[in-house]
Structure formats: C-alpha cells, structure tokens
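A short write-up of the structure that comes next.
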Amino acid sequence: MASPATPPDLMEAIVSLCKRRGFVFQSSEIYGGLNGFFDYGPLGAELKKNIRDCWWNDMVRRRDDIVGIESSIIMHPKVWQASGHVAGFTDPLVDCKVSKQRYRADQLFFAQVEIAEAEILPADAGAAQTAKIKIVGYVSALESENTAADLQQRAEEFKRKKAIRGQLMQVKPRDMTEAKPEEISLIPSPATGEPGSLTPPRAFNMMFETYVGALRDASAIAYLRPETAQGMFADFKGVVDTGRVKLPFGIAQIGKSFRNEITPRNFIFRSREFEQMEMEYFIHEDADWAKCHREWIDWCRNWLISIGLPASHLSEYNHPKEKLAFYSKGTTDIMFRYPFGVQELWGVAARGNYDLTQHANASGVPQVIFDEATKKKFTPHVIEPAVGVDRILLAVLCAGYIEDEAPDEKGKLEKRTVLRFSPRIAPVKVAVLPLVKNKPELVKRAEELHARLKRRYAVFYDEGGAIGRRYRRQDEIGTPWCVTIDFETIETDGSFTLRDRDTMAQTRINEAELFALLEKEVY
Ligand code: GAP
C-alpha cells in the first residue's frame, strides 16, 4: 500500500475537493463569482461552525476570566476615527495605467538587472568587486514563495532577449514601497511586462463605506467593521459595569469583518469578507505584559494543535521593533506552513492602553478600572490574540489532505483521498452504514442508531453502494469513524464494526462504547 502523500499541487487539489464535496464555493458563482468573496457549502458550514464552537468553548465557556460579546458590524463612525482606522487603515496601492490592474506595493517586487562586464573582470577570482557593474534594466514579479528565484529567472530572460554580454549579477529584490521616485517609470508592470505604466504607491483605505439612513451625504457615512476588536473596546465600560469582572479579564467575540483588500488571493486565505475570533485580555498597567503576552502565544499555539494542526507546520514571527506602531509593545504572529508559503495565521499583539485611551479621549467617557490596592483609577493595558476562522479552516484542509491507496471489494488497490480532520472539528463525526440495504432488520437497526447519535452529534446515514465505496466517500470529507451494521449485529450481541479513517482498522464495538469514544474525542 502506498504511504500517504500530498499531491504536488496541493492547493489545486484542495480547491477542487472543496467544490466537489461542498465545502467552499465562489460567492455568486452563477454570475461569474465576485473576487474575494466565498460561500461555505453544507460541509464547509459545519466545519467552520465546529472551529468557532471549539474556540468559543475553550476561550470563553471553559475559562472563568473571559466573557463573550457580540457587537454590531456597523458601529458609530467615530469608533473608527478614534481607533485610527479612518486615517490609517491603508495598504500601499500601485496601479498599472495600461492594464488597469492594481497591486499591493509591498507584494510587488522588482530588481535591477545588473551586469558585470566580463571583459574588464580580472582573471583572478576574488577581485570581482573591481569589475564595472552596469544596470541594464529592471524586472518585476508578484510576491510568491520564490520571489527571488522568479526575479533571477526574469533577469536571465531579459539579458538573453536583449543579447546583453557580460555576467549577470544576483538580483537584490525590493518591493515597490522601497522604489526611488526615479525608478518607478523603469519598472515593468507584471501585467504587460513593459515599463512606464506603474504609478507610485499611494495609501488606499481598506474600509468598506456605506450610508446609514435615507440621506446619502457625508454625514451618513458609516463603515463595515474591518476588525471585531473595536467592539470589545467600545463595550469595555458596559462589560465592566455589568459583568462583575476583575483584572485580569478578557472580552471575546467571533464575527464577520470586511476589508477591501487590493489583492485577495490564495483561495480563502485573504478575502474581502471573512470571520475573526478576537479576544482582548485586559491587565493591570503595572502587570508583567511580556509574560502575559508569552502565555497567550503559547495558549494559541496549543489550541491550534488541539484542533489537529501539526506542530511541525507552526512557527513564530516577531515583528521587528522599528515596524511596530508607536503604542505597540510587541507583536508575535503564529505562522502556518501553507502550500503557498509560511504565512500569518494568528497575531498576538501587546497594545498597551492605546485603544481604551483613544476611545476615552474621543467619547469623553472614562475607560478605567478602580484599583482597590492603590485606591486609584487607571486604564488597563491589553494583550490581543486575533485570528481568522477562514485561515484556520484553510490550514486544517492543507494539513489534513493526503492521498494514499486502499483495497476495493476485490482487494485491488485504488486511490483514496483523505481529510485527516481532528474529531473535534470534523463536519461529520460518524457515518452509520447498514451493510446491505435490502435487509429490513439491518436497515431498521442502523436507522435507530443513527437517530440516537444525531441527537448529540453530526452524523450521516448512507446505505447506497458497495461498503468500500461508502467508506471512501466518508474518508474524502474527513469523517473519523464509520460504523457498519452487519448480520452479527442483529444475530448476536448487537455490536457493530467501527472502522477508523486513518488506519482503516476495523474493530467490534457496542453502542455504549461508541458514545464513550465520541464523548472523549469530540469536545
Ligand atoms: N484586531 C487586530 C487585527 O485585526 P489583523 O492581523 O489585521 O489584526 C487578525 O487580523 C487575523 O485576522 C489575521 O491573523 C488573520 O488570521 C485574519 N485576517 C486578517 N485579514 C484577513 C483577510 N483579508 N482574509 C482572511 N483572514 C484575515
């Protein structure tokens, strides 16, 4: 039997499986789709709900120090002025005037094509620095896993096409935010391959605007929230006044956020409508924020592992001090190894007391806590773990997808696609399969078991087709177990076959043991 393997184009395989089995569709597909928007089909909606529920249970219900809220998507526009989003929630945008394509400047890379003139290179190695280096042109490439290699290849093509003699130097990639004004017109557009059409980067605000009420003037402008976090800050006083909370404590929320991303890409990784799970953990102004920050990074990492992401795919990235906002004390991203590169999955930021202070100043309503020890009021500091549900969903698909082989009814090996989801998040926990559908006693027993299981769990009943084929259908959607009601079930002790998705091992189990297994594994 072939050992489990991932296909060379894993993303293509995942996108195709998602469409085929009803996990994720393009939004408004019948009209050609809308870039950056996605719909979740029956299995995707279950998977997403399970991710949300696991997070909510672990983050809110199973802790004594965190409460949950649900704030509105459209909030008073002053919230976004105070938070700094109206002025500063921007990405640098570059236009191609010819193709009308738009690029995020920090994702559009370029390099000079530099040639060391061979004829003046000294014969002895090591003296290359004395050679004359000439810039003969520019190449560009969109950010990818291999940006430097792509640029090098384009530089080689450039040299070959223009029949330039001499030795091509190693390219030094820079992104468009680092381009000098005099370089802009020399950099080719990735769309046309020709220079002269790219604009200098300009700030593009990513918030979606709308109007509230019957008037359509500036006074009616409101925004679809670009993050859920501001809901927790705006409701801080409400929770403190009513929630009997005491420091340290957190306010958590799950909900949709909207960003007019310049370049939505990589399937559901970066979209324009997505879902966030954020928590603001308020601590004393004198508390050891670095320790608390570390504890939350560890908590998030362990939680990802608890829903089935392999530790080997996770890493950490500390934002360099010079790139942090002035109020930020530190931000660490938990990174995941997606097929298209190592990318941010979960950001954990130490934001000081910036947000509450901003809202206190803008609203005139103090955002403080009374310190019993010092008898003084102060504004708490905050640690903010913020993650996207869609990004987790993509990560579990990428980590779980494998292809191997399994014997069919006649013992012939055939290809098997498996989604190795943790039972915690699998859309279907158990499939109930009567061995054959033309034996009423078997079918009746299977239907009864199915009815009892579905009161508590998402289960699936399937009586159509050969048993091996039915197993395969469940493997492909990540169902951890199948139970088969066979003749032994009705003729002897009522036990049935439990078949494990990953090992394909089959054991006998009775109903009480099945419920105990589910109770232990699905939590
Ligand atoms: N309140 C902080 C905040 O929103 P962020 O890093 O902009 O921080 C947090 O977003 C998380 O939300 C990201 O780590 C990512 O998981 C998810 N996210 C952000 N933009 C996204 C997008 N366009 N599509 C999908 N998920 C996104």
Side-chain angles (χ1 to χ4, degrees), residues 24 27 34-38 40 48 51-52 55 71 73 75 79-80 82-85 88-91 104 106-107 204-208 223-234 236 250-281 293 296-297 300-301 303-304 307 309 314-319 323-325 327-328 330-336 338 340 342-352 354-356 358-359 382-398:
V24 185
S27 162
L34 186 60
N35 196 10
F37 296 88
F38 293 91
Y40 288 85
K48 205 167 176 217
I51 294 171
R52 264 191 240 119
W55 187 90
S71 64
I73 286 175
M75 299 165 77
V79 168
W80 305 107
S83 66
H85 284 80
F89 193 59
T90 57
D91 266 346
R104 236 175 83 171
D106 55 346
Q107 292 173 351
F204 170 79
N205 195 302
M206 289 193 289
M207 282 201 293
F208 280 103
Y223 306 95
L224 300 195
R225 67 179 174 204
E227 61 170 27
T228 57
Q230 294 306 319
M232 275 80 91
F233 295 123
F236 171 80
I251 310 179
Q253 156 157 239
I254 300 177
K256 289 269 180 140
S257 293
F258 303 82
R259 296 183 190 179
N260 197 2
E261 296 281 356
I262 298 167
T263 49
R265 59 184 184 159
N266 291 327
F267 196 33
I268 51 173
F269 177 81
R270 187 182 305 288
S271 45
R272 289 178 166 141
E273 173 176 338
F274 55 100
E275 201 161 2
Q276 289 187 307
M277 306 195 288
E278 297 196 276
M279 194 275 295
E280 307 301 327
Y281 199 70
H293 187 227
W296 275 110
I297 299 165
C300 297
R301 192 186 134 80
W303 187 83
L304 290 171
I307 59 154
L309 290 186
L314 301 173
S315 54
E316 283 176 23
Y317 170 75
N318 294 318
H319 288 232
K323 294 219 167 157
L324 292 176
Y327 53 81
S328 174
T331 296
T332 301
D333 290 339
I334 300 179
M335 312 292 282
F336 180 78
Y338 290 95
F340 43 85
V342 174
Q343 297 282 344
E344 173 188 339
L345 174 56
W346 200 328
V348 187
R351 299 179 60 88
Y354 175 77
D355 303 272
L356 286 182
Q358 288 291 102
H359 288 302
V382 76
I383 306 290
E384 176 192 79
V387 68
V389 186
D390 314 75
R391 272 192 200 180
I392 296 179
L393 193 141
L394 183 57
V396 296
L397 284 168
C398 294

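Whatever order the structure lists ligands and atoms in, that order sets their numbers, starting from 1.
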Pi-cation contact, Phe336 with Arg391 (under 6.0 Å, within 45°): no
Can a donor-acceptor pair be found between the side chains of Asn205 and Thr90 at a distance below 3.5 Å? no
Would you say the side chains of Tyr40 and Asp390 form a donor-acceptor pair under 3.5 Å? yes
Salt bridge check: are Glu316 and Arg301 linked by an N-O gap of less than 4.0 Å? no
Can you tell me if Gln230 and His359 form a side-chain donor-acceptor pair at under 3.5 Å? yes
Less than 3.5 Å apart, N/O on ligand 1 and N/O on the protein: could you list those pairs with the distances?
{"from": "ligand 1", "atom 1": "1 (N)", "to": "Glu227", "atom 2": "OE1", "distance (Å)": "2.7"}
{"from": "ligand 1", "atom 1": "1 (N)", "to": "Glu278", "atom 2": "OE2", "distance (Å)": "2.5"}
{"from": "ligand 1", "atom 1": "1 (N)", "to": "Glu384", "atom 2": "OE1", "distance (Å)": "3.2"}
{"from": "ligand 1", "atom 1": "1 (N)", "to": "Glu384", "atom 2": "OE2", "distance (Å)": "3.4"}
{"from": "ligand 1", "atom 1": "4 (O)", "to": "Arg259", "atom 2": "NH2", "distance (Å)": "3.0"}
{"from": "ligand 1", "atom 1": "4 (O)", "to": "Gln276", "atom 2": "NE2", "distance (Å)": "3.1"}
{"from": "ligand 1", "atom 1": "6 (O)", "to": "Glu344", "atom 2": "OE2", "distance (Å)": "3.1"}
{"from": "ligand 1", "atom 1": "7 (O)", "to": "Arg259", "atom 2": "NH1", "distance (Å)": "2.8"}
{"from": "ligand 1", "atom 1": "7 (O)", "to": "Arg259", "atom 2": "NH2", "distance (Å)": "3.0"}
{"from": "ligand 1", "atom 1": "10 (O)", "to": "Gln276", "atom 2": "NE2", "distance (Å)": "3.3"}
{"from": "ligand 1", "atom 1": "12 (O)", "to": "Gln276", "atom 2": "NE2", "distance (Å)": "3.2"}
{"from": "ligand 1", "atom 1": "14 (O)", "to": "Glu344", "atom 2": "OE2", "distance (Å)": "2.5"}
{"from": "ligand 1", "atom 1": "14 (O)", "to": "Leu345", "atom 2": "O", "distance (Å)": "3.3"}
{"from": "ligand 1", "atom 1": "16 (O)", "to": "Leu345", "atom 2": "O", "distance (Å)": "2.8"}
{"from": "ligand 1", "atom 1": "16 (O)", "to": "Gly388", "atom 2": "N", "distance (Å)": "2.9"}
{"from": "ligand 1", "atom 1": "20 (N)", "to": "Arg259", "atom 2": "NH1", "distance (Å)": "3.3"}
{"from": "ligand 1", "atom 1": "23 (N)", "to": "Glu261", "atom 2": "OE2", "distance (Å)": "2.8"}
{"from": "ligand 1", "atom 1": "23 (N)", "to": "Ser271", "atom 2": "O", "distance (Å)": "2.8"}
{"from": "ligand 1", "atom 1": "24 (N)", "to": "Phe269", "atom 2": "O", "distance (Å)": "3.4"}
{"from": "ligand 1", "atom 1": "24 (N)", "to": "Ser271", "atom 2": "N", "distance (Å)": "3.0"}

Mind checking what makes side chain to side chain contact (heavy atoms under 4.5 Å, CB included) contact with Ser257, not counting sequence neighbours? Arg225, Thr228, Phe274, Gln276
